[in-house]
Every structure is written in structure tokens, then in C-alpha cells.
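In what follows, chains carry the letters A, B, and so on, assigned in the order in which the sequence lines appear, proteins first and then strands, with residues in each chain numbered from 1.
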Amino acid sequence: MAPIPEPVTELLEQALVAELTVVDANGRPVTYPLIPLWDGERIYMTSSTLFSRKLEHIQGNARVSVSITDPVSVGGRTDRATIQGDARVIDEDPHGGWERLLPIWSAKEPAIVSFLKARVALPLFFERALIEIVPRRVLYWPDGDASVAPQVVVLGQEAA
Amino acid sequence: MMRSTPPLDAQAGLERLATYPFQIATWVDERGYPVSVAVQAMVDPAGRVASFDPPAGLTVPTDRDVSLTGSHIRPQPGYGYDERRHVTVWGRVTSGIRPDPMTRILTLTGRSAWGWDETETPFFEYSERSVPRSRRYFDALSAERGTPVRPRLSFGFLALRATRLPFLTATIVPVVLGIVIAASHGAFDLAAAALTVIGAAFVQLGLNVANDVFDSVQGADDANVTPTQFSGGSRVIQYGLVSLRQMATLATVFYVLAGVVGLVLLVTRGSPALLAIGILGFIVSLGYTAPPLKFAYRGLGEVAVALGFGPLMLLGAYVVQSGGTVAWEPFVASIPIALLAALILYVNEIPDRRGDAHAGKRTLPVRFSRRTIITGYNGAAAAAYIAVVVGVVTGVLPVPTLLMLLTIPLARQVSRGLLPNYDNPYALMAYMGVNVQLHLRAGLLLFAGYVIVLVLGAIAPSVPVFIGT
């Protein structure tokens with residue numbers, strides 16, 4: 001199994017926002033901007049139960065993609081990537097289970113720490129599920145230019 | 001069902017999409033995975049279409065929905081990011097030939113759209129509108145696990161939120177003032193004073209919690225999608241943090257505790273006046289939102305609050321100390337506090353007015369125009385200061401109580417903030433905070449005035465503190 005190309009892991013580490021696309025019950029792609037959290041092996045995203053429709057879609061269809069397209073979100077880099085993968089929702093403990101990813105999250109969004117301290121003001125925002133994505137296939141555009149075919153790296157076995 | 005974001009048709013979605021520097025074309029590939037690729041689309045909202053070059057090495061399907069998404073943030077180093085907005089337009093793609101130069105082009109015909117722009121729907125309103133979705137998620141989790149799963153808060157935070165504890169200043173100000181006025185008249189009993197503060201606090205806590213119960217039952221809190229730190233109730237029932245039954249029980253417990261303290265005071269310091277004040281206070285407190293009285297629903301909330309957090313609290317505390325004697329001085333001193341307490345409610349009702357109107361809660365901001373409401377604020381605030389000046393000039397209040405006039409700039413600050421922020425609950429929040437401070441500081445300054453009276457009485461009894469003495 002090939003590893004994720006290093007430029008793509010750099011994009012995942014740098015990106016303030018990526019686009020998570022899930023597939024709804026009608027087979028339609030639905031895209032949500034979310035913060036990608038890369039732990040070196042898997043991509044994580046978190047979703048408040050307030051905005052949990054995406055979680056329902058993932059529970060119905062695990063196949064998702066994460067794309068990093070906006071140079072503004074990655075400090076001006078122009079390369080782009082889409083990572084296809086299999087997702088699962090981790091919501092055993094919506095109150096605090098997601099907090100293990102707080103160090104990676106707060107590195108990208110420092111304000112979240114102070115918001116969390118004041119969770120009494122936003123109690124439901126901090127009831128969250130984790131979305132864990134196992135990467136399966138990477139499409140990478142070194143120049144970010146869609147007129148050039150992407151480099152494709154197959155990473156592992158897809159979901160049944 | 002309540003929408004989280006305003007409805008958006010394909011044309012409006014395409015209009016927004018055209019404002020983004022690039023678009024993300026997304027479809028589901030033959031393997032069932034979504035594919036996204038950044039494209040430069042030429043968007044024609046009037047024609048409901050967006051065209052873009054076929055991405056190299058990828059096949060955009062024409063037999064299923066394809067989406068075009070625009071997404072924007074502004075990075076804020078050391079904070080995160082802001083200016084969040086995104087939009088997605090779905091439709092079918094057709095393949096064609098661009099005439100000059102002859103190249104293939106893909107055209108998406110928009111059929112539906114969805115998006116969020118935080119300048120249009122602020123994050124807090126977006127979150128509030130999404131509360132039913134969170135509740136459904138927890139219901140589904142509960143059904144899946146066969147045991148109730150609820151959102152949680154630590155006990156301290158939950159107690160703070162459910163009881164709205166910080167608002168106890170509304171009680172402490174008049175009660176402490178009543179006690180210090182009695183002390184200036186030579187009557188002070190520490191144990192009775194402590195019991196009075198505790199009993200009055202239980203009454204307000206009962207009122208706060210009962211208010212949530214009855215506003216939830218009557219739909220006012222559910223209809224409110226712009227609650228703030230100061231308005232819209234505690235939301236613990238709406239958020240599923242505490243059940244309606246638990247809140248009703250809590251309100252009952254607070255009222256029972258208040259009743260027990262009231263009985264102890266009646267037995268030890270009792271008088272017919274205290275009994276009358278206690279009964280009237282209970283009726284005003286419970287009747288604030290509870291049927292059949294529902295003062296707040298009839299535009300009488302301010303009157304109830306003024307009565308309860310003014311003369312009843314202040315005179316009640318005074319009568320406990322005086323052993324039943326009623327005097328004009330504590331009554332006159334209660335007028336500015338009553339008016340400023342009522343103005344807290346009055347301003348806090350402004351952001352609630354749409355939800356309140358929907359639920360049939362006919363508060364003053366629901367009934368009257370913004371101009372009338374702001375004029376009303378100015379008039380009532382002015383009346384609070386005039387009451388003190390008249391009280392002093394007529395020799396009812398001691399001269400040092402004029403210290404309260406130092407809070408006039410705060411009242412002016414609130415007044416000036418009402419008009420520009422009348423329709424923006426989150427911007428108005430700062431002024432609601434100042435308004436609460438106005439009541440607290442006015443009370444503290446009146447208290448300070450009486451402390452001066454007490455000190456002068458002790459060290460220089462010949463110095464007159466009342467005009468005409």
C-alpha cells in the first residue's frame with residue numbers, strides 16, 4: 001500500500017478548512033467546509049450535533065472525500081488535493097470523546113480553547129461527534145490546475 | 001419544520017456562486033466515492049447555468065447530479081478564521097462545444113441550492129435554528145442504545161444556566177437597600193437580614209425557573225431563535241439539558257424554600273404588612289408567566305417586575321427589620337430601583353419580540369414601534385432619576401442618595417445603543433449588559449448614600465442629611 005504523498009499530508013496539516021463531501025440517501029454529493037485534523041494516519045473532522053445531517057449521511061454511506069482547494073486556507077499554496085476514503089462516525093461520548101483531538105484542532109483554531117472554557121454559553125456546539133476517515137485514494141494537482149490530469153495514488157482497500 | 005438557513009433557489013445560489021474566485025465541481029464516481037476538483041466556472045444566474053472546462057483525466061457524469069461549491073474563510077492568525085460562507089448548487093451537466101476556440105465545455109443547469117453566510121445568518125442564530133436537529137440526533141442515539149443519551153454540562157455550569165444565577169443582583173439590590181434604610185432608622189438584625197436575602201433569592205430563583213417552564217409550555221422560548229446571554233430564557237429545556245418536569249420540580253423547590261424562610265420571618269419578625277407583602281410577592285412572581293395571570297404575555301411584565309423587584313422586595317426587607325413599621329422613605333427609594341429593574345426586562349424583550357409575537361406573548365416591544373419603545377426607555381430612565389431628586393428635595397430621601405445620578409451616563413449609553421442595534425440581537429447584547437450594570441450601580445450608589453448617612457450619624461450626628469432638617 002502506497003503512503004499518502006508528502007505534499008498532501010502537508011496540505012492536510014496546514015489547511016484551516018477543507019471540503020468534506022458525503023453522499024446523501026439520493027446518491028447526491030453534499031459538501032461541507034470543515035477543519036481537517038490529520039494525525040499522521042487518518043483524517044479526522046468533528047461535527048456538532050447541531051449540524052449532524054452530515055453524520056446521518058455518513059452512517060448511510062461511508063464513502064466520502066476531503067478536498068483541499070483554497071490557497072487562502074493553506075497559506076497561499078497553490079497545489080490541490082482530493083482524498084477519497086471511508087468514514088465512520090464516533091459518537092460514543094458526544095460530550096467529551098472528541099476532545100482528544102483538541103490539540104490538533106486548537107493548533108489551527110486557537111480560539112476554540114477559550115470557547116470551550118465558556119461551553120456554558122454554547123452547550124450544544126460542544127456536543128460533538130468525530131468523523132474518522134481512512135484514506136483510500138488520493139488525487140493530487142501539483143499546480144492546482146484542473147486542465148492537467150491529477151496524480152492518482154491508490155492507498156488501500158475500499159469499503160465494501 | 002424550522003429551517004437552519006434561509007431558503008435558496010438555484011438562481012440565487014448561482015448568483016452567490018459567481019462571487020467566489022473559483023468553484024469546486026463535485027460528483028460521485030463509478031466506485032461510489034465523491035470526487036472534487038477546483039474549476040473556474042462562468043456563472044450565468046439569469047440563465048440558471050454555470051459552464052466550466054472539463055477537468056483533465058476525470059469524467060464528469062451527465063447521468064447524475066453534480067454540484068458546484070463556493071467556500072470562503074478569512075484566516076485570522078492566533079484566532080482561527082472568520083467571514084465564513086459557502087454555497088452549493090446542484091444540477092445536471094451537459095457536454096457541449098465552445099465555438100471559439102472549438103473546445104469541449106461542460107454546463108451545469110442549476111436545480112437546487114443550499115448555503116450559509118454568517119453575515120446573513122449569524123452563527124448563534126444558525127446554531128439556535130439547528131437545535132431541533134441536535135435533539136433528533138440525541139433521540140436517535142437514545143433509541144439505538146436503548147438508554148437516554150443527553151447533552152451534558154457540569155453541575156456548576158448547569159446550575160448557573162438553569163437558575164440564571166447572575167441575575168440575582170435584581171433581588172440583592174432592593175433587599176440590601178431596604179435593610180440599610182432600616183438600619184439608618186435604627187433597626188438592624190443580622191440574622192433576619194441574612195434570612196431576608198436568602199428568602200428573596202429563593203423567590204427570584206423560583207421565578208427564573210418557573211418562567212422557563214411556562215415560556216416553554218406556551219411556546220415562547222421554542223419560537224425564539226435569537227436568544228442572548230440576557231434574553232430568551234435559560235434554554236436548558238430547549239437544549240435537552242434538563243427536562244420540563246425537572247425544571248418544574250426545581251421551581252417548586254425554590255418556592256417551597258422561599259415559603260419556609262418567609263414563615264420563619266413571619267413567626268420571628270411578623271407583621272400584617274409582611275404577610276401582605278409576601279402573598280402579593282408570590283402572586284406577582286408566579287403570575288409573571290404562569291396562567292391565568294401571565295402578566296408578561298399581556299404587556300404587564302414591566303409592571304410586575306417593577307412591583308416585585310422594587311417596592312415589594314425593598315419594603316419587605318425594611319418591614320422585616322422594622323418589625324412591621326411601614327415608612328415613605330423606603331417606598332420612595334424603591335421607585336428608581338423598580339424603574340431600572342423594569343427597564344432590564346424592557347430592553348431584554350427587544351431581541352425576543354419576534355419569537356414572543358409568534359407565541360402570543362404581547363410584550364411592550366411586540367406591541368409598540370421602536371420609536372415608542374426608545375422614547376419609553378428614555379422616559380422611564382429619566383423618571384428614575386427624577387424620583388431620587390424629588391425625594392431628596394422634599395426631604396424624604398437623604399442628600400447622599402443623589403450619588404445615584406452618577407449613573408446617568410450609563411443610562412445615556414444604553415439609550416444611544418438602542419436605535420442602531422434594535423434589529424441586531426447580538427450587537428444589542430453589549431447594551432443589555434450595560435443596562436444590567438446600570439441597575440446594579442444605581443443600587444450600589446443608593447446603598448453608599450445610606451452608608452454615608454449611617455457614618456455621619458455615628459461620627460457627626462449634628463450634620464443634616466435631609467433637606468429641611
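Residues B/Arg136 and A/Glu56 are not paired through a salt bridge, judged by the lack of any N-O separation under 4.0 Å between the basic side chain and the carboxylate. Salt-bridge annotation for A/Asp93 and B/Arg152: present, with a side-chain N of the basic residue lying under 4.0 Å from a carboxylate O of the acidic one.
Heavy-atom distances place the backbone of A/Val64, and not its side chain, under 4.5 Å from chain B. For B/Thr228, no part lies near chain A; criterion is any non-hydrogen pair under 4.5 Å. With a 4.5 angstrom heavy-atom cutoff, A/Gln151 does not touch chain B via any of its atoms. Using a 4.5 Å cut-off between heavy atoms, B/Tyr126 contacts chain A through both its backbone and its side chain. Using a 4.5 Å cut-off between heavy atoms, A/Val30 contacts chain B through both its backbone and its side chain. For a residue to count as touching a neighbouring chain, one of its non-hydrogen atoms must lie under 4.5 Å from one of that chain's; by this rule B/Arg145 touches chain A with the side chain only. For a residue to count as touching a neighbouring chain, one of its non-hydrogen atoms must lie under 4.5 Å from one of that chain's; by this rule B/Leu141 touches chain A with the side chain only. Of the two parts of A/Ser147, only the backbone, made up of N, CA, C and O, holds a non-hydrogen atom closer than 4.5 Å to a non-hydrogen atom of chain B. For a residue to count as touching a neighbouring chain, one of its non-hydrogen atoms must lie under 4.5 Å from one of that chain's; by this rule B/Trp90 touches chain A with the side chain only. Heavy-atom distances place the side chain of A/Ser67, and not its backbone, under 4.5 Å from chain B. Contact of B/Leu153 with chain A is made through backbone and side chain together, with heavy-atom distances under 4.5 Å. Using a 4.5 Å cut-off between heavy atoms, B/Val236 makes no contact with chain A at all. Using a 4.5 Å cut-off between heavy atoms, A/Leu16 touches chain B through backbone and side chain atoms alike. Only the side chain of B/Phe123 has a heavy atom closer than 4.5 Å to any heavy atom of chain A. Heavy atoms closer than 4.5 Å to chain B are found in the side chain of A/Val89, but not in its backbone. For chain B, the nearby part of A/Ala129 is the side chain; its heavy atoms alone come within less than 4.5 Å.
The heavy-atom pair separating B/Tyr33 from A/Asp86 by the smallest distance is OH-OD1, 2.6 Å. Closest approach of A/Val148 to B/Ala56, counting heavy atoms only: C-CB, 3.6 Å. Contact between B/Pro34 and A/Arg63 at its shortest, heavy atoms only, is CD-O, 3.7 Å. Contact record, A/Glu19 with B/Ile24: CD-CD1, 3.4 Å, taken as the closest heavy-atom pair.
Separation of the B/Trp114 and A/Tyr32 ring centroids falls under the 6.0 Å cut-off.
One distance of note links CG of A/Asn26 with CZ of B/Arg64; it measures 14.0 Å at 0.5 Å rounding. In this structure, CH2 on B/Trp116 lies 7.0 Å from CZ on A/Phe51, to the nearest 0.5 angstrom. Separating the CG atom in B/Asp29 from the CD atom in A/Gln84 is a distance of 5.0 Å, to the nearest 0.5 Å. Here A/Thr49 contributes atom OG1 and B/Arg135 contributes atom CZ; the two are 11.0 Å apart, rounded to the nearest 0.5 Å. In this structure, A/Arg28 CZ and B/Asp65 CG are separated by 6.5 Å, a value rounded to the nearest 0.5 Å. Distance check, rounded to the nearest 0.5 Å: CD of B/Gln23 to OG1 of A/Thr69 gives 10.5 Å.
Checked by atom type and distance alone, the side chain of A/Thr82 pairs as donor or acceptor with a backbone atom of B/Ser36 at under 3.5 Å. Between the side chain of B/Arg161 and the backbone N or O of A/Val120 there is at least one donor-acceptor pair closer than 3.5 Å.
Between A/Asp91 and B/Phe138, the closest side-chain pair of non-hydrogen atoms is not below 4.5 Å. In this structure the side chain of B/Val131 reaches within 4.5 angstrom of the side chain of A/Leu50, judged on heavy atoms. Contact annotation: the side chain of A/Leu55 approaches that of B/Tyr137 to within less than 4.5 Å [non-hydrogen atoms, C-beta and beyond].
Both cation-pi conditions hold for A/Arg80 and B/Phe22: the charged atom is under 6.0 angstrom from the six-membered ring centre and inside a 45 degree cone around its axis.
Identified by a heavy-atom distance below 4.5 Å to chain A, the contributing residues of residues 67-74 of chain B are B/Ser67, B/Thr69, B/Ser71, B/Ile73, in residue-number order.
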Run A/Leu139 and B/Leu58 through side-chain contact (heavy atoms from CB on, under 4.5 Å) and show every step you take.
CA-CA 10 Å; A/Leu139 289 77; B/Leu58 299 168; 3.6 Å; yes

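In terms of heavy-atom pairs under 4.5 angstrom with chain A, the leader among B/Gly57, B/Ser127, B/Pro55 is B/Ser127.
Residue pairs meeting the side-chain hydrogen bond (donor to acceptor under 3.5 Å, both in side chains) criterion with at least one partner in residues 107-124 of chain A, sequence neighbours excluded, are A/His95-A/Arg119, A/Glu99-A/Arg119, A/Trp105-A/Glu109.
Residue A/Phe125 places its CZ atom among more than 12 non-hydrogen atoms of other residues, nucleotides or ligands, all under 6.0 Å distant.
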